[in-house]
Amino acid sequence: MKTLDRLTALLEMKGVAYRHDQHSLSYTARETARAEHVPPRSFAKVVVVHCEDGFAMSVLPADRIVDLDELRAAFGTSHLRLATENELQELFPECELGAMPPLGNGTLFDLPVWVDGLLMAEEEISFNAGTHRDVIVMSTEDWEQLVKPSVLAFAHAEG
């Protein structure tokens with residue numbers, strides 16, 4: 001079963017309201033937000049990291065970058081790095097590279113989810129649904145109730 005099918009089945013089973021959109025091919029979170037006509041601050045990008053405890057999803061607005069030093073400090077670890085492309089392909093074999101939805105903590109994927117608080121201030125959240133053409137839009141509150149992420153501060157403006 002494709003990630004999109006698993007995702008929509010999960011949302012329907014949980015009674016979560018959502019919208020599935022399709023757009024022209026885009027690879028970066030900013031491009032996808034533009035294609036979807038949503039503010040980049042409400043489009044969630046997933047950056048997978050690896051630390052002593054294993055892999056985790058860090059979720060942040062498309063117009064921000066992950067500050068690995070902030071994540072290291074938050075978890076009191078010196079070992080924290082970005083996942084490699086090979087690791088991403090192993091972790092998300094049904095997803096196109098870089099298009100995994102932010103649904104960990106036992107929802108679709110068994111990975112912890114850390115979200116930057118900036119994203120939680122948005123009314124709606126949009127994210128890739130396993131491909132570089134499919135997007136799910138839902139309320140941020142519903143996403144938080146479903147995923148139960150740890151809310152941290154680790155995103156910074158680019159540049």
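Position 1 is the first residue of the sequence; numbering continues from there.
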Applying a strict under-4.5 Å side-chain criterion to I, L, V, M, F, W and Y, I'd like to know whether [X] and [Y] cluster together.
X      : Y      : answer
Leu11  : Trp143 : yes
Met120 : Val46  : yes
Phe43  : Val137 : yes
Ile65  : Leu119 : no
Leu60  : Val38  : no

So does [Y] get a backbone contact from the side chain of [X], meaning a donor-acceptor N/O pair under 3.5 Å?
X      : Y      : value
Thr140 : Glu122 : yes
Asp142 : Val16  : no
Lys45  : Arg64  : yes
Ser58  : Val47  : yes
His50  : His79  : no
Arg6   : Leu108 : yes

In the structure I gave you, are the side-chain heavy atoms of [X] and [Y] within less than 4.5 Å of one another anywhere?
X      : Y      : value
Pro101 : Thr3   : yes
Val59  : Phe127 : no
Arg81  : Leu68  : no
Leu97  : Phe92  : no
Tyr18  : Thr8   : yes
Val48  : Phe109 : no
Asn105 : Pro112 : yes
Arg41  : Leu118 : no

In Å, rounded to the nearest 0.5 Å, how long is the span from [atom1] of [X] to [atom2] of [Y]?
X      : Y      : atom1 : atom2 : answer
Leu7   : Met100 : CG    : CE    : 14.0 Å
Asp53  : Leu80  : CG    : CG    : 10.0 Å
His20  : Met138 : NE2   : CE    : 14.0 Å
Leu103 : Met57  : CG    : CE    : 7.0 Å
Ser42  : Ile125 : OG    : CD1   : 8.5 Å
Glu96  : Leu88  : CD    : CG    : 13.5 Å

Dump the intermediate steps for side chain to side chain contact (heavy atoms under 4.5 Å, CB included) on Leu10 and Leu146, then the final yes or no.
CA-CA 10 Å; Leu10 171 73; Leu146 183 66; 4.2 Å; yes
Between Leu82 and Glu87, which heavy-atom pair has the shortest distance, and what is it?
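Smallest interatomic distance, heavy atoms only, reads O-OE1, 4.5 Å.
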Give the intermediate values and the outcome of side chain to side chain contact (heavy atoms under 4.5 Å, CB included) for residues Trp114 and Val66.
CA-CA 11 Å; Trp114 309 329; Val66 172; over 6 Å; no
Apply side chain to side chain contact (heavy atoms under 4.5 Å, CB included) to residues Leu4 and Thr131 and explain how you reach the verdict.
CA-CA 8 Å; Leu4 176 61; Thr131 75; 5.9 Å; no
What do you reckon, is CD of Glu141 surrounded by more than 12 foreign heavy atoms closer than 6.0 Å?
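No, because the 6.0 Å sphere around CD of Glu141 holds 12 heavy atoms or fewer from other groups.
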Check this for me: Glu52, atom CD, are more than 12 non-hydrogen atoms of other residues, nucleotides or ligands nearer than 6.0 Å?
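Yes - once you tally the heavy atoms of other residues, nucleotides and ligands closer than 6.0 Å, there are more than 12.
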Under the salt bridge (charged side-chain N to carboxylate O under 4.0 Å, His left out) rule, what pairs show up with a residue in residues 65-75, not counting sequence neighbours?
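As it turns out, the salt bridge (charged side-chain N to carboxylate O under 4.0 Å, His left out) pairs with a partner in residues 65-75, which skip direct neighbours, are Asp69-Arg72.
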Pairs in or reaching into residues 11-25: which pass salt bridge (charged side-chain N to carboxylate O under 4.0 Å, His left out), with residues at least two apart or in two chains?
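Every salt bridge (charged side-chain N to carboxylate O under 4.0 Å, His left out) pair that includes a residue of residues 11-25, provided the two are not neighbours, is Arg19-Asp21.
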Applying salt bridge (charged side-chain N to carboxylate O under 4.0 Å, His left out), can you list everything that pairs with Glu36, at least two apart in sequence or on another chain?
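Here no residue qualifies.
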Test side chain to side chain contact (heavy atoms under 4.5 Å, CB included) on Asp116 and Leu152; report intermediate values, then the result.
CA-CA 5 Å; Asp116 188 87; Leu152 305 169; over 6 Å; no
